[in-house]
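By convention in this document, chain letters (A, B, ...) are assigned in the order of the sequence lines, proteins followed by strands, and residues within each chain are numbered from 1.
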Number of protein chains: 2
Amino acid sequence: MFAVQRGTPMATQPMATGRPATIHDIAALCGVAASTVSRALANPERVNIRTRERIQAAAVELNYTPNSQAKALSSGRTGAVGVLVPDITNPFYFDLIRGTQLQLKAAGYTQLLVDTEESDEVEASTLEQLRKSADGVIVAASRLNDESLAAAAARMPMVTVNRDVDGVPAVIIDTPSAMPQALDHLISLGHTSVAYVSGPAVSQSSARRWDALSAAAEERGVEVRRLGPFAPKTQSGAAAADAAVHSGVTACIVFNDLIAIGMLQRLRERGLRVPEDMSIVGCDDIFGADFCNPPLTTMSSPIEQAGRVAVSMLLAQLNPLAGGGNRNRSVMPTHLTVRGSTGPVPSK
Amino acid sequence: MFAVQRGTPMATQPMATGRPATIHDIAALCGVAASTVSRALANPERVNIRTRERIQAAAVELNYTPNSQAKALSSGRTGAVGVLVPDITNPFYFDLIRGTQLQLKAAGYTQLLVDTEESDEVEASTLEQLRKSADGVIVAASRLNDESLAAAAARMPMVTVNRDVDGVPAVIIDTPSAMPQALDHLISLGHTSVAYVSGPAVSQSSARRWDALSAAAEERGVEVRRLGPFAPKTQSGAAAADAAVHSGVTACIVFNDLIAIGMLQRLRERGLRVPEDMSIVGCDDIFGADFCNPPLTTMSSPIEQAGRVAVSMLLAQLNPLAGGGNRNRSVMPTHLTVRGSTGPVPSK
DNA sequence: ACGTACTTGACAACCGATTGCCATAGGCTG
DNA sequence: CAGCCTATGGCAATCGGTTGTCAAGTACGT
């Protein structure tokens, strides 16, 4: 298709034709009707092989590319999928985005990536926009309430990531399941006084992580207090660290690695050593968790794969033909990765 | 527009109408022609104020949103701008992307973000796609050769970032200008044997940085050797570190922070201390450069602003009306940020 | 050789907007 | 009151495809 670009750039000349070729140009060149061209390209079996080949040759010669706008308008399908993330600068979403991008491209779809700026209003208005300009949507870490989200899902195919709403297919990154591991790890190091540093109040992930942690704590008879909420940014780490120190705990399990890394920095500024004076466990194992100082003990999961799975589930909704068992829920495993930010409780 | 969503979700009911409202629905409701509706919404002065208000009220009532596909098809403008980056998981691009996203949204445009996977072919084919589905394109760190890029720019409005090609407006992040600073910094610490760890062979940024550095080195009479090329990923840091150690230099200036961070890790593994045994200077001051171990001395610039400027320049091309002086080139200042990864030359 | 069934391709409506052109109506001037 | 101008809004073509319908053409069996 892009031989002109790829090979010797100047080998062939037709390129410079004013505007891109349309099916009408092809039709004229071949002496057939535009509709025949359309069929030859879309339902090849519907058209005589000889005509078809003539048309296909002409299409190549004219460097024809279908106009996606027109295609979308007439067929109703846009060939695009929206991907909504709350904060594009949060490294957690990089791998997710890359996963969706790869899988979508493989299936011939275009990805429309939108940063909803942690705002439910932006999210809602984006979803409404996308209703016309995308065939479906993947919503990561939605900030919307259940009703709005369910309503939006009723209007267009949707898959959520890390958000459970009745009737909406979801990919869940099962960080909560690693909470007991994390707690046991801390207990085995002698900690008995632990804090959970929570994320945004509207984050279902944060709530689920807290639930799992406090349940595990109760079973084991240790006390876990909750701090926060904090915005999921490194800057929030300072306040979180101060709160943790003030609360007197010896270890923290933190909503995500961004906050945890911020805490690491703040604790260092305050002259406290990690893990000697305070142990820190993050969540997500984002870019940076392995090379911060000290490297962060955190919970890892296959994020890119989560993105790919989300796309597969969405495409299954869009093309029900493929017999793919229409799963409604996919859970990604998570495990604790121990690095340098956790250690024995201070002897004191 | 989304009162239904935002306020009390169930306060008003019309919402659930099968498919979205069109101008024809509004026209029918108001007893006017569709074209009048179109004008009332686009050129309000072209239609009587009473009719206009009636139409606008109906539009609100029906929860009308224009169909962007149809609009694009008939008007020729898509309201979308493509943003191409070589690797979406490279933190350098986060802030750039956020800058473009914010500025585009402010101007009412949609951002189409594409990861070209460091591939010139993907980049070329994406550009061809976008020609129809976007009004313009911002290409960051293009991997395309000059001819192909210039050809693509001739076919659609384009602004490049960190890539200078004749006739193509560009935003240049002037890291080369900080190279003398970096070198002086190292010289002041006693280093006389320095290496430049270069990036991808096709990266113009890397070439420009090397040119600036070797020129500065010649002026000052110090020797700088070149290592590489290396892919711009942390994984490449291991090979780069080994090469640096083998070459016997006492300090490295590295194409970007990803490689530099990878080198930090590798040097640590090999039991070498930074900066005691080897000083490292990165480029770009990405997410992570401030909290790695040791924190990285690097070159900082206003990346998000670069994204915003790129968008402004592109929009100036798209709407020549606004008298905005049509700059063809915008240079973002860069400065050295000294952190912990540089220190005095080993005494030995 | 005729009827039937199937293949092939043309015609035209349609998707949802934009926009040039024209008809009408009303106000104004003289 | 005639004549003209302007404000207003309708008609219809157009953007580039898709798709239902139908007529013509082909091949086949009897």
Main chain of A/L144, side chain of A/R163: is a donor-acceptor contact present, judged purely on distance under 3.5 Å? yes
Rounded to the nearest Å, what distance is computed from the CD atom of residue B/E45 to the P atom of nucleotide D/dA7? 11 Å
Take atom CG of B/N67 and atom P of D/dC15, then tell me their distance rounded to the nearest Å. 18 Å
Go through A/V32 and A/R54 one step at a time and tell me if the side-chain contact (heavy atoms from CB on, under 4.5 Å) criterion holds. CA-CA 10 Å; A/V32 301; A/R54 208 149 42 92; 4.2 Å; yes
State whether the side chain of B/Q111 and the backbone N or O of B/L104 hold a donor-acceptor pair below 3.5 Å, judged by distance alone. no
Degree of bending, the helix from C/dA1-D/dT30 to C/dG30-D/dC1 (end axes from five pairs; round to 10°): 50°
Of B/K71 and A/V47, the one whose nearest nucleotide on DNA chain C sits closer to the 5' end is A/V47
Expressed as a whole number of angstroms, how long is the span from A/I55:CD1 to D/dT18:P? 13 Å
Going by atom types only, do A/T78 and B/Q69 share a side-chain donor-acceptor pair under 3.5 Å? no
Which nucleotide span of DNA chain C, 5' end to 3' end, has atoms closer than 4.0 Å to non-hydrogen atoms of chain A? C/dT8 to C/dG16
Report the residue (A/P66 or B/T51) whose heavy-atom-nearest nucleotide on DNA chain D is the more 5′ of the two. B/T51
Ion pair present between A/K105 and B/D115, side-chain N to carboxylate O less than 4.0 angstrom? no
Taking atom P of D/dT8 as reference, at what distance in whole Å does atom CZ of B/R52 sit? 9 Å
Between C1' on D/dG17 and CZ on A/R77, what's the gap in Å once rounded to a whole number? 12 Å
Audit row: A/Y64, A/V37, side-chain contact (heavy atoms from CB on, under 4.5 Å) steps and yes/no: CA-CA 11 Å; A/Y64 169 75; A/V37 177; over 6 Å; no
Rounded to the nearest 0.5 Å, how far apart are CZ of A/R52 and CD1 of A/I49? 5.0 Å
How many whole angstroms separate atom NZ of B/K132 from atom C1' of D/dC15? 13 Å
Lys/Arg N to Asp/Glu carboxylate O, A/R155 vs A/E128, below 4.0 Å: yes
Can you pull out the residues from residues 31-44 of chain A that lie within a 4.0 Å heavy-atom distance of DNA chain D? A/S35, A/S38, A/R39
Nearest 0.5 Å please: distance from the CG atom of B/L127 over to the CG atom of B/L84. 5.5 Å
For atom CG of A/D166, decide whether the heavy atoms of other residues, nucleotides or ligands shown that lie under 6.0 angstrom number more than 12. no
Straight-line distance of A/N162 CG to A/S142 OG, nearest 0.5 Å: 11.5 Å
Report the residue (B/S68 or B/R46) whose heavy-atom-nearest nucleotide on DNA chain C is the more 5′ of the two. B/S68
note: A/L73, atom CG; D/dT18, atom P; distance rounded to Å ~ 11 Å
